[in-house]
Number of protein chains: 2
Amino acid sequence: MDRRQQKTRAAIFRAFTGLLAEKSYGRITVQEIIDAADVGRATFYAHFGTKDDLLKALCEELFGHIVGSAMDCTHTHGLYSDRKAPASVFCHLLQHLQENDHNILGLLSCESSEIFLRYFKDSLNELIQELFVNRDRKTGAAVPQDFLVNHISGSFVEMVLWWIRGRMKQTPEELDRYFRAVIEPIL
Amino acid sequence: MDRRQQKTRAAIFRAFTGLLAEKSYGRITVQEIIDAADVGRATFYAHFGTKDDLLKALCEELFGHIVGSAMDCTHTHGLYSDRKAPASVFCHLLQHLQENDHNILGLLSCESSEIFLRYFKDSLNELIQELFVNRDRKTGAAVPQDFLVNHISGSFVEMVLWWIRGRMKQTPEELDRYFRAVIEPIL
DNA sequence: ATAATAGTGAACAGATTGTTCGTTATTATA
DNA sequence: TATAATAACGAACAATCTGTTCACTATTAT
């Protein structure tokens with residue numbers, strides 16, 4: 001609502017992500033954040049109860065956004081007509097990542113990437129769960145459905161990590177092919 | 001060498017793992033560790049330069065042990081004749097986990113499990129890499145080998161996390177079946 | 001027996017945290 | 001435009017934590 005709130009919130013987010021590119025989450029102090037954001041100490045604590053709260057808020061904003069967009073895309077096709085329709089939700093997600101919306105790659109490739117990957121996977125889980133509802137399963141009941149959902153979201157996240165750590169030498173389309181090669185045989 | 005060193009080292013490890021069961025890694029202070037271990041402040045810093053060093057040392061000891069044993073098992077069969085030969089390395093690993101050697105489950109199920117999972121996965125990667133060397137790959141070159149290795153170790157670790165978070169209702173043998181069901185089709 | 005090694009306990013400056021409070025600036029709205 | 005509500009400021013605070021130092025004591029290996 002209040003423009004001032006949005007400004008400080010954005011400034012804190014910006015400072016925080018900037019610091020994450022330099023050092024691990026654990027070593028970042030509130031002091032550094034407010035210095036970088038040029039914001040009063042009391043102001044920080046008026047917005048976020050703790051550093052962990054800030055982390056959580058940032059993750060929700062980022063991953064909620066990216067996964068939400070993927071969800072919209074699969075539900076209402078044609079909405080993104082201005083962009084080449086991706087071959088799969090996974091490809092869509094990877095392209096989103098490569099475009100580096102809100103410097104999301106910075107977070108996933110920083111020293112504390114594991115923390116962000118967990119949030120990412122949680123969001124992914126919801127997405128994939130939904131995809132399964134609208135889909136006939138061809139597989140017999142060899143494995144429970146929630147095992148399968150976890151396997152897919154887990155593999156995807158681990159693949160993204162592998163991709164980033166390898167300096168992202170593959171294109172999203174290439175990665176998508178790999179991923180489908182290891183996932184589709186079991187669907 | 002010196003018995004005193006081993007004792008304090010063990011006391012610190014014990015105190016640390018105990019605290020991890022209660023609170024997240026980030027919230028644990030050196031102060032609490034030395035209080036719980038009943039060890040002088042200077043002593044702690046004589047052993048570990050920092051809290052992160054302690055974490056690393058613990059992980060190396062634990063995962064090096066469990067994965068190393070799995071590696072031995074696959075190399076020299078019959079060594080573990082006193083125990084029912086497990087159907088696969090994965091089953092072997094899962095059984096080891098369930099036995100909760102050195103309270104390894106406590107670490108993997110605590111609030112900071114992500115940190116430990118990363119170390120676990122690193123160790124696993126080496127193991128699986130080795131397994132691939134001694135094995136003919138049936139798959140075509142649809143996906144690169146290191147992608148595949150990462151996919152397998154990543155999936156395994158994510159499965160363990162799923163297992164633990166679901167309160168470990170499945171037996172290691174059951175889990176092993178699931179895992180082979182999603183992995184063997186692509187080998 | 002003795003020299004080397006490890007642990008003790010206290011003290012330390014410096015940094016970090018989370019909170020409080022009076023003051024100032026910005027915003028919404030009447 | 002006037003005014004009341006809201007947000008940020010900045011300075012200060014006690015409490016805690018960190019990492020290091022030092023003189024002293026206990027244990028260990030040889």
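Every chain is numbered from 1, with letters handed out A, B, ... down the list of sequences. All heavy atoms count here, side chains included; hydrogens, waters and symmetry mates do not.
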Q: Rounded to whole Å, please give me the gap between CD1 in I34(A) and C1' in dT17(C).
A: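 Distance check: I34(A) CD1 to dT17(C) C1' gives 10 Å.
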
Q: What nucleotide, of dT17(C), dC9(D), dG7(C), holds the atom closest to the side chain of V30(A)?
A: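 Nucleotide nearest to V30(A)'s side chain: dT17(C).
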
Q: So which one's nearest nucleotide on DNA chain D is more toward 5', A46(A) or R41(A)?
A: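 So the residue in question is A46(A).
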
Q: In whole angstroms, how far is the P atom of dC9(D) from the OH atom of Y45(A)?
A: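 Taking atom P of dC9(D) as the reference, OH of Y45(A) is at 15 Å.
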
Q: Could you check how far NE2 of H47(B) sits from P of dG19(D), rounded to whole Å?
A: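 Spelled out: NE2 on H47(B) to P on dG19(D) is 17 Å.
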
Q: For DNA chain C, whose closest nucleotide is more 5', that of R27(B) or that of Q5(B)?
A: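 The residue mapped nearer the 5' terminus is Q5(B).
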
Q: Nearest whole Å is fine: how far is dT6(D) P from Q6(A) CD?
A: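 In whole Å, dT6(D) P lies 17 Å from Q6(A) CD.
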
Q: We want to know whether T17(A) and N103(A) form a side-chain donor-acceptor pair, criterion being a heavy-atom distance below 3.5 angstrom.
A: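 T17(A) vs N103(A): no donor-acceptor pair found between side chains.
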
Q: Going by atom types only, do E173(A) and Q95(A) share a side-chain donor-acceptor pair under 3.5 Å?
A: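 On atom types as modelled, these side chains qualify, holding a pair under 3.5 Å.
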
Q: Rounded to the nearest Å, what distance is computed from the CZ atom of residue R9(A) to the C1' atom of nucleotide dA8(D)?
A: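 Checked: the CZ to C1' distance equals 16 Å.
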
Q: Just the dot-bracket of DNA chain C, please: which string comes out with Watson-Crick or G-U pairs under 3.5 Å, [ ] for crossing, | for another strand?
A: |||||||||||.|||||.||||||||||||

Q: Side chains of D52(B) and Y25(B): donor-acceptor distance under 3.5 Å anywhere?
A: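 Looking only at side-chain atoms, Y25(B) and D52(B) do form a donor-acceptor pair, the distance falling under 3.5 Å.
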
Q: Going by distance alone, is a donor N or O of one side chain under 3.5 Å from an acceptor N or O of the other, for S155(A) and S155(B)?
A: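 Side-chain D/A pair, S155(A) to S155(B): present.
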
Q: In whole Å, what is the span from the CZ atom of F44(B) to the P atom of dT21(D)?
A: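 So the two atoms are 17 Å apart, to the nearest Å.
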
Q: Test your reading of the model: is there a side-chain donor-acceptor pair from S153(B) to the backbone of V149(B), 3.5 Å cut-off?
A: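 It does hold such a pair.
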
Q: Between the side chain of W163(A) and the main-chain N/O of Q170(A), is any donor-acceptor distance below 3.5 Å?
A: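 The answer is yes, because a donor-acceptor pair under 3.5 Å joins these two groups.
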
Q: Walk along nucleotides 21-30 of chain C from 5' to 3' and tag each nucleotide B, S or - by protein heavy-atom contact under 4.0 Å, base first, then sugar-phosphate.
A: ----BBSS--

Q: Before accepting this row, confirm whether a basic side-chain N of the pair R27(A)/E111(A) lies closer than 4.0 Å to the acidic partner's carboxylate O.
A: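 Not counted as a salt bridge, because no side-chain N and carboxylate O are separated by less than 4.0 Å.
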
Q: When we call it a touch if two heavy atoms are under 4.0 Å apart, what does T50(A) touch: a base, just sugar-phosphate, or nothing?
A: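 Nothing, no nucleic acid heavy atom in range.
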
Q: Side-chain N or O of T43(A) less than 4.0 angstrom from OP1 or OP2 on dA7(D)?
A: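 Checking T43(A) against dA7(D): no side-chain N or O falls below 4.0 Å of OP1 or OP2.
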
Q: Checking side chain to side chain donor-acceptor pair (under 3.5 Å) against D2(B), which of R4(B), Q6(B), Q5(B) comes through?
A: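 That would be R4(B); it is the only one of R4(B), Q6(B), Q5(B) passing the side chain to side chain donor-acceptor pair (under 3.5 Å) with D2(B).
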
Q: Which one of I33(A), L55(A), L54(A) satisfies the side-chain contact (heavy atoms from CB on, under 4.5 Å) criterion with I28(A)?
A: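 Considering I33(A), L55(A), L54(A), a side-chain contact (heavy atoms from CB on, under 4.5 Å) with I28(A) is found only for I33(A).
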
Q: Quick one: E32(A) CD to dA15(C) P, roughly how many Å, whole number?
A: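 That distance rounds to 12 Å.
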
Q: Check every atom of dG7(C), dT16(C), dT18(D) against the side chain of T29(A) and return the nucleotide holding the closest atom.
A: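 My answer, after comparing the listed nucleotides, is dT16(C).
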
Q: In whole angstrom, what separates Q31(A)'s CD from dA11(D)'s P?
A: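 The answer, rounded to whole Å, is 13 Å.
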
